[in-house]
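To start, the structure itself, in structure tokens.
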Amino acid sequence: GLLGSILGDTISTGLSGLFNLAVFIPGIAVAIRRLHDTGRSGWWYLLVFTIIGIIPLIIWFASDSQPGANKWGPNPKTGEAADISSHLVD
């Protein structure tokens, strides 16, 4: 009946929203991590809100990582152990 239809739509919408949130947040994290790998700040991801800004983001996402470590950490492709001593609290 009508109640089953409304309740089914509500559950479906809620699950859809939960799935979108579960995919959206890690997607942003991966994009920012990729920008860090190429030696750029995560703030560059805000270019996604402009039409023309998507082009440099695609190029940067497809480009190779910086060789060696940068200010965001070691290159993940070299297998170097991260030096976490600067993040430790005395």
Side-chain angles (χ1 to χ4, degrees):
L2 182 61
L3 181 61
S5 176
I6 293 172
L7 188 59
D9 288 344
T10 303
I11 292 172
S12 174
T13 303
L15 289 176
S16 175
L18 191 62
F19 174 78
N20 288 336
L21 187 63
V23 171
F24 178 70
I25 292 173
I28 291 173
V30 168
I32 291 173
R33 173 62 191 182
R34 187 68 197 116
L35 287 169
H36 286 174
D37 288 344
T38 60
R40 292 175 180 82
S41 170
W43 288 106
W44 282 107
Y45 188 66
L46 294 176
L47 287 176
V48 79
F49 294 112
T50 66
I51 295 171
I52 197 73
I54 295 171
I55 295 169
L57 284 173
I58 290 171
I59 293 169
W60 293 337
F61 291 155
S63 64
D64 198 13
S65 300
Q66 276 188 336
N70 61 26
K71 70 180 187 176
W72 290 283
N75 184 336
K77 293 180 359 182
T78 61
E80 299 171 4
D83 179 21
I84 61 166
S85 61
S86 64
H87 300 288
L88 298 177
V89 178
D90 291 332

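- For residues 36-46, the set of pairs meeting the side-chain hydrogen bond (donor to acceptor under 3.5 Å, both in side chains) definition, not counting sequence neighbours, comprises R33-D37, H36-W72, T38-R40.
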Please list, one pair per line, the donor and acceptor atoms closer than 3.5 Å that link side chains of residues 46-59 to other protein atoms, with sequence neighbours excluded.
residue	atom	partner	partner atom	Å
T50	OG1	L47	O	2.8
T50	OG1	G53	N	3.0

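- The hydrophobic cluster containing W60 does not contain V30, counting ILVMFWY residues as joined when their side-chain heavy atoms lie under 4.5 angstrom apart, directly or transitively.
- No single ILVMFWY cluster, assembled from side-chain heavy atoms under 4.5 Å apart, contains both I32 and V23.
- Cluster partners of L18 are absent, since no Ile, Leu, Val, Met, Phe, Trp or Tyr has side-chain heavy atoms less than 4.5 Å from it.
- Under the 4.5 Å side-chain heavy-atom criterion for Ile, Leu, Val, Met, Phe, Trp and Tyr, L35 and I25 are members of the same hydrophobic cluster.
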